[in-house]
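First comes the structure, then the notes that go with it.
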Amino acid sequence: MWKLTRPDNQHDKLTRDNLLDLEDHRLVRIESVQEDQRQVWVLTRRGHGEAKKLLEPKGIRVSVLREEKYDPVTGELLGTGYDDHAAAVTSTAAELHRAGIGHRLGFQTEIGHRLGSGFVQRADLVVRAPAAGVPVMLLEIDRRTEDAHDLVQRLHQYWEWGRLLPKDADKRTVELARSRPDAIEHVDHEKRLWRRVYPPTGREGLVPVAFVFADTTEVKVTNTVAVLEEAGRRYWAPRRYDTLYPKAVTARDYRQAVPVVVTTLEQLQAHGGGAAVRRCGGGWDGTASRR
């Protein structure tokens, strides 16, 4: 956390003192201690309420409250299996911030995206860093706990969400979208739900998604990327333009695609902004060599 809040500091003493002060005021609590002795801090119900009053008037959404629940038999704190993942999410935000990507208030966790079915797809991390050329990006952090096809399903859900209309869409747009299965592709992005939630991305396509792998192996990353690129092709790949002269038009249409990039937390920690990054359908970019 100190890397995120105090990136220029050489140690975490100031951040730790601040957390202890907040703990004295019952605004935060220690949920668990990791094997490497890192502590996972979360907001209490009181702290969560204070954070909402402070941040939501500024348009900053606050993630869901981490309830303090205990097993009625053993007395053990429930839900701590999530903590390794939460630590990886916080570390990812910290490394992006240190690399000059995003203000500390430009990161949000567990942000929901409700699909037409009612299912809510929660992004592990949402980054808004317009000064770094990233108006918005959704991040999924994987610690070897999810099957590659589960990540493809998440990509599918973001793609579906990007095709939704807002509830107050005008009648003509709604009728057009319902006229045939692919009709939504003829509805401008400015009229879709995602543009009510996020700013323009500055490029073709839907909101970009980044998959960040943590505490994993190169083999696992390679295999997972292969599945993402093959099974998720419909969602990230560009299409040919609909033209009478397909052989003459070699450019590709990215307007309905989700831009997808992949990297690892270890790359971000070691190389910051020079970390190796792979774009689905392309190679590894970055000043750092991939190891």
Side-chain angles (χ1 to χ4, degrees), residues 85 88-89 92 95-96 101 113 115 119 121-127 133-163 181-182 184-185 189 194 198 201-242 246 249-271 273-291:
H85 180 263
V89 172
T92 299
E95 297 305 333
L96 290 173
I101 302 174
H113 302 80
L115 303 179
F119 176 79
Q121 171 64 52
R122 296 191 181 278
D124 290 331
L125 186 65
V126 177
V127 179
V134 185
V136 62
M137 178 174 283
L138 313 180
L139 286 90
E140 291 291 330
I141 318 300
D142 178 41
R143 297 186 60 257
R144 290 187 288 182
T145 58
E146 295 188 76
D147 181 80
H149 290 280
D150 292 334
L151 300 184
V152 173
Q153 179 63 18
R154 287 182 176 240
L155 177 57
H156 175 205
Q157 288 159 347
Y158 287 127
W159 180 77
E160 286 283 2
W161 183 76
R163 297 165 69 85
D182 64 344
I184 187 64
E185 297 179 3
H189 287 281
W194 78 264
Y198 296 123
T201 65
R203 52 181 58 84
E204 285 188 312
L206 304 174
V207 182
V209 174
F211 290 95
V212 179
F213 300 100
D215 304 324
T216 188
T217 65
E218 184 173 343
V219 172
K220 173 68 185 281
V221 172
T222 299
N223 292 341
T224 301
V225 170
V227 173
L228 271 174
E229 292 191 340
E230 182 60 32
R233 179 171 296 275
R234 179 183 180 187
Y235 315 123
W236 64 261
R239 307 175 184 178
R240 287 184 175 275
Y241 280 98
D242 186 11
V249 179
T250 58
R252 293 292 184 267
D253 182 1
Y254 287 85
R255 288 175 296 177
Q256 310 305 322
V258 177
V260 176
V261 296
V262 173
T263 190
T264 68
L265 178 55
E266 291 73 21
Q267 276 283 332
L268 291 172
Q269 290 171 333
H271 306 289
V277 175
R278 181 184 177 92
R279 292 170 173 79
C280 270
W284 289 89
D285 298 325
T287 58
S289 59
R290 178 168 174 256
R291 294 181 175 86

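- Atom CD of Glu160 and atom NE2 of His113 lie 14.5 Å apart (nearest 0.5 Å).
- Shown here for Ala237 and Ala257, the closest heavy-atom pair between the two residues is O-CB, 3.8 Å.
- In this structure, the separation between CZ on Arg255 and CD on Glu185 is 9.0 Å, given to the nearest 0.5 Å.
- What you find for Ala88 and Leu265 is that their closest heavy atoms are O-CD2, 4.2 Å.
- Scanning both residues, Ala123 and Tyr158, for their nearest heavy atoms gives CA-OH, 3.1 Å.
- With hydrogens and angles disregarded, a donor-acceptor distance shorter than 3.5 Å links the side chain of His85 to the backbone of Ile141.
- Between His189 and Tyr198, the ring centre distance reaches or exceeds 6.0 Å.
- Nearest heavy atom pair, residue Leu268 against residue Glu95, reads O-OE1, 3.7 Å.
- The distance from the CD atom of Glu266 to the CG atom of Asp215 is 5.5 Å, given to the nearest 0.5 Å.
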Checking side chain to side chain contact (heavy atoms under 4.5 Å, CB included) for the pair Val152/His156: CA distance, chi angles, key distance, verdict? CA-CA 6 Å; Val152 173; His156 175 205; 5.6 Å; no
Stepwise, does the side chain to side chain contact (heavy atoms under 4.5 Å, CB included) test hold for Trp194 with Thr201? CA-CA 11 Å; Trp194 78 264; Thr201 65; 4.0 Å; yes
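- Across all their heavy atoms, Val260 and Trp236 have their closest contact at CG2-CB, 3.9 Å.
- Taking a 6.0 Å sphere around CZ of Arg279, one finds it holds 12 or fewer heavy atoms contributed by other residues, nucleotides or ligands.
- Classification of the Phe213-Phe211 ring pair by plane angle, with boundaries at 30° and 60°, yields parallel.
- In terms of modelled atom types and a separation under 3.5 Å, the side chain of Thr263 and the main chain of Ala276 share a donor-acceptor contact.
- To the nearest 0.5 Å, atoms CD (Gln256) and CD (Glu204) are separated by 9.5 Å.
- Between Pro208 and Val261, the closest side-chain pair of non-hydrogen atoms is not below 4.5 Å.
- Of the listed residues (Val136, Leu139, Thr92), just one forms a side-chain contact (heavy atoms from CB on, under 4.5 Å) with Val127, and that residue is Leu139.
- For the pair Gln121/Trp161, no side-chain contact is recorded, criterion being any heavy-atom separation below 4.5 Å from C-beta on.
- Remark: Leu138 CG to Arg154 CZ distance equals 11.5 Å, nearest 0.5 Å.
- For Asp142 against Glu146, the heavy-atom pair with the smallest separation is OD1-N, 3.3 Å.
- Atom CG of residue Asp147 and atom CD of residue Gln153 lie 11.5 Å apart, to the nearest 0.5 angstrom.
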